[in-house]
Amino acid sequence: MGEDLFMRNAAQRPPIDTEGLLREYATTGNTAIRDRVVEAYLYIASIIARRFSGRGVDYDDLYQVASMALFRAIDRFDPAKGVKFVSFV
């Protein structure tokens, strides 16, 4: 699967300060920053899609919907409330 290759590549990247990026995105609205945050958290979409696969909907469709929900969650997230993003999702 292509998702496995992405996960392997993500594990090889240096860690990024996602909470800092989320704060910066909340103030600037810069879509390039949002895209970096999405890349960092795509593993969550994979976990959610796997959890619900095998119930009549293809994994790829579930992954796509979970990825789109991740974008929406990033847009709605307010770092000023003091909650970690992983808990928010």
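Under the 4.5 Å side-chain criterion, counting only non-hydrogen atoms from C-beta, Phe88 is not in contact with Asp78. Side-chain contact check for Asp17 versus Arg23: some heavy-atom pair is nearer than 4.5 Å.
Tyr63 and Val65 fall into different hydrophobic clusters, where Ile, Leu, Val, Met, Phe, Trp and Tyr are joined by side-chain heavy atoms under 4.5 Å apart, directly or via other members. No path of Ile, Leu, Val, Met, Phe, Trp and Tyr side chains, each step under 4.5 Å between heavy atoms, connects Met68 with Tyr59, placing them in separate hydrophobic clusters.
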From CA spacing to verdict: side-chain hydrogen bond (donor to acceptor under 3.5 Å, both in side chains), Asp75, Tyr25: CA-CA 9 Å; Asp75 287 338; Tyr25 175 67; 2.5 Å; yes
Arg36/Asn30 under side-chain contact (heavy atoms from CB on, under 4.5 Å): CA gap, chis, key distance, verdict: CA-CA 10 Å; Arg36 289 185 64 199; Asn30 185 335; over 6 Å; no
Asp35 vs Phe71, side-chain contact (heavy atoms from CB on, under 4.5 Å): CA-CA, chis, key distance, verdict: CA-CA 9 Å; Asp35 293 345; Phe71 274 94; 3.9 Å; yes
Intermediate values then yes/no, side-chain hydrogen bond (donor to acceptor under 3.5 Å, both in side chains), Ser46 and Arg50: CA-CA 6 Å; Ser46 176; Arg50 262 192 246 125; 2.8 Å; yes
Intermediate values then yes/no, side-chain contact (heavy atoms from CB on, under 4.5 Å), Arg51 and Ile47: CA-CA 6 Å; Arg51 182 180 301 158; Ile47 291 169; 4.2 Å; yes
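A distance of 8.0 Å separates OG1 of Thr18 from NZ of Lys84, quoted to the nearest 0.5 Å. One finds the CG atom of Asp61 at 11.5 Å from the OG atom of Ser53 (value rounded to the nearest 0.5 Å).
Shown here for Ala49 and Leu62, the closest heavy-atom pair between the two residues is O-CD1, 3.6 Å. Counting all heavy atoms, side chain and backbone alike, Glu19 lies closest to Phe85 at OE2-N, 3.4 Å. When all heavy atoms of Ile33 and Leu21 are compared, the pair lying nearest together is CG2-O, 3.4 Å. Of all non-hydrogen atoms in Val38 and Leu70, the two that sit nearest each other are O-CD2, 3.8 Å.
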